[in-house]
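In listed order, ligands and their atoms are each counted from 1.
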Amino acid sequence: MEKLIDIRGVRHTFRTRTGLLPVLDGLDVAVDEGGFTAVVGPSGCGKSTLTRLIAGLLIPDEGEVNVHGERITGPRSNVGMAFQNPVLLEWRTILRNVLLPLEIVPTKLPRKEQEARARRLLSLVGLEGFEDKRPSELSGGMRQRASLCRALIHQPEVLILDEPFGALDAFTREDLWQTMHEVKRQEPFTGVLITHDLREAIFLADRVVVLSGRPARTQYVLEVPDTGPRDLDHLYTAEAAEMLNLLRHQIEIAQGRAPAETSAEAPAPPPGAAARGMH
Ligand code: ADP
Ligand code: MG
């Protein structure tokens with residue numbers, strides 16, 4: 001598969017009032033066209049900084065961020081983003097919140113079609129009938145669904161989800177995972193998901209990148225085997241258990257709670273899952 005996003009050898013240091021803060025040092029992340037890459041790593045290691053690199057909001061000190069083989073040199077408009085806090089505007093209806101990005105960055109799509117698209121997206125995520133409600137009338141999970149529609153309204157080439165389900169309860173979160181699969185089937189995008197939830201990572205993504213503690217480097221990459229249409233039962237298979245153990249172990253290394261082994265001692269990847277340690 002062709003790489004849509006190719007981040008290589010990225011290093012970046014923030015200059016803060018109290019001194020230099022190296023945040024990225026040896027970051028390599030590849031996202032295939034149409035693929036879904038999850039990124040996990042300790043808090044504060046540089047995950048959100050990585051999303052800003054992809055959106056072109058931050059140009060790294062060293063290394064390359066390529067999209068479609070072209071070096072990113074400034075902000076990109078064909079990137080959709082959703083965050084843990086959906087930040088919907090209370091004085092707008094849900095429909096008008098979803099339409100907001102089209103007012104900020106206008107499209108050629110006639111107004112009627114814009115609205116039809118917004119309504120179609122809302123119905124795709126299960127919010128049909130809530131178009132005219134205000135954000136405060138919706139539950140947290142529903143607000144996150146609306147925020148997803150807003151991120152998709154421009155048909156972005158890349159959808160970046162920065163811990164979007166982190167504040168939701170477990171059942172709501174699992175519902176949203178299934179919605180995400182359905183959305184990806186009907187509204188194809190190339191996705192980058194930042195998450196702390198390893199089950200979420202292997203359920204949604206085809207590749208999981210583990211970052212080390214700050215400054216973040218790519219510590220480990222797990223390729224999740226394609227199991228076809230996924231349902232939650234896939235998370236309770238022996239294969240899934242092995243992948244989760246492996247990732248948990250890598251996170252412990254990233255957090256400095258377990259020693260890094262040489263690759264010869266590293267646990268073997270589960271059958272069908274290709275893994276590479278990065279050093
Ligand atoms: P994560 O998303 O993995 O929790 P971030 O990428 O948000 O981590 O931040 C990594 C580190 O860089 C944190 O210590 C954060 O405080 C710092 N940081 C992020 N953005 C800036 C900035 N613009 N200027 C200075 N420091 C920053
Ligand atoms: Mg973050």
Side-chain angles (χ1 to χ4, degrees), residues 5-31 36-65 67 72-76 79-88 140 143-144 147-148 150-151 156 158-168 173 176-177 180 191-202 204-205 207-222 247-258 260 278:
I5 303 172
D6 192 9
I7 298 177
R8 282 199 205 169
V10 161
R11 300 177 67 155
H12 194 74
T13 296
F14 285 119
R15 285 133 198 100
T16 69
R17 270 179 302 150
T18 49
L20 297 178
L21 181 72
V23 276
L24 303 173
D25 188 1
L27 187 70
D28 298 292
V29 178
V31 187
F36 208 156
T37 293
V39 179
V40 298
S43 290
C45 77
K47 301 181 295 298
S48 295
T49 304
L50 160 65
T51 67
R52 296 179 56 217
L53 287 175
I54 296 170
L57 299 171
L58 180 76
I59 305 301
D61 293 340
E62 272 180 55
E64 291 182 28
V65 181
V67 176
I72 296 298
T73 52
R76 288 155 39 77
V79 174
M81 290 180 116
F83 307 93
Q84 183 165 337
N85 177 358
V87 283
L88 299 169
R143 283 202 288 270
Q144 200 50 267
S147 144
L148 186 62
R150 185 180 53 187
V158 179
L159 179 67
I160 296 173
L161 304 168
D162 194 347
E163 303 189 39
F165 315 131
L168 305 174
R173 202 181 304 164
L176 266 153
W177 295 349
M180 278 310 301
V192 178
L193 168 74
I194 310 293
T195 181
H196 282 290
D197 187 327
L198 299 178
R199 294 165 76 241
E200 178 171 297
I202 65 163
L204 291 179
R207 177 176 295 150
V208 184
V209 175
V210 181
L211 300 185
S212 70
R214 194 175 64 233
R217 69 184 163 81
T218 301
Q219 175 181 303
Y220 193 84
V221 179
L222 176 78
L247 289 172
R248 228 171 267 131
H249 180 65
Q250 287 297 327
I251 292 285
E252 285 173 3
I253 295 172
Q255 291 172 330
R257 292 195 286 131
M278 313 277 295

| L53 and I72: CA distance, side-chain angles, deciding distance, side-chain contact (heavy atoms from CB on, under 4.5 Å) verdict | CA-CA 8 Å; L53 287 175; I72 296 298; over 6 Å; no

| said: Is the contact between T49 and ligand 1 made by the side chain, the backbone, both, or neither, using heavy atoms and a 4.0 Å cut-off? | reply: both

| Part of D162 within contact of ligand 1 (heavy atoms, under 4.0 Å) | neither

Which atom names give the shortest non-hydrogen contact between [X] and [Y], and what distance separates them?
| X | Y | value |
| --- | --- | --- |
| S48 | D162 | OG-OD2, 2.6 Å |
| L211 | A254 | O-CB, 3.4 Å |
| G41 | K47 | O-NZ, 3.2 Å |
| L168 | G140 | CD2-C, 3.7 Å |

| query | Among side-chain atoms of T218 and D28, is any donor-acceptor pair under 3.5 angstrom? | reply | no

Check ligand 1 against [X] and write out every atom of the ligand that is under 4.0 Å from a heavy-atom position of the residue.
| X | value |
| --- | --- |
| L21 | 12 (O), 14 (O), 17 (C) |
| G44 | 1 (P), 3 (O), 4 (O), 8 (O), 10 (C), 11 (C), 13 (C) |
| V23 | 10 (C), 11 (C), 12 (O) |

At what distance is the nearest protein heavy atom to [atom], and which residue and atom is it?
| atom | result |
| --- | --- |
| atom 13 (C) of ligand 1 | R214 NH1, 3.8 Å |
| atom 7 (O) of ligand 1 | S48 CB, 3.5 Å |
| atom 19 (C) of ligand 1 | F14 CE1, 3.5 Å |

| field | S48 near the Mg ion (ligand 2): N/O/S under 2.8 Å | value | yes

| field | Heavy atom of protein inside 4.0 Å of atom 16 (O) of ligand 1, strictly below | value | no

| Audit row: R11, D25, salt bridge (charged side-chain N to carboxylate O under 4.0 Å, His left out) steps and yes/no | CA-CA 4 Å; R11 300 177 67 155; D25 188 1; 3.3 Å; yes

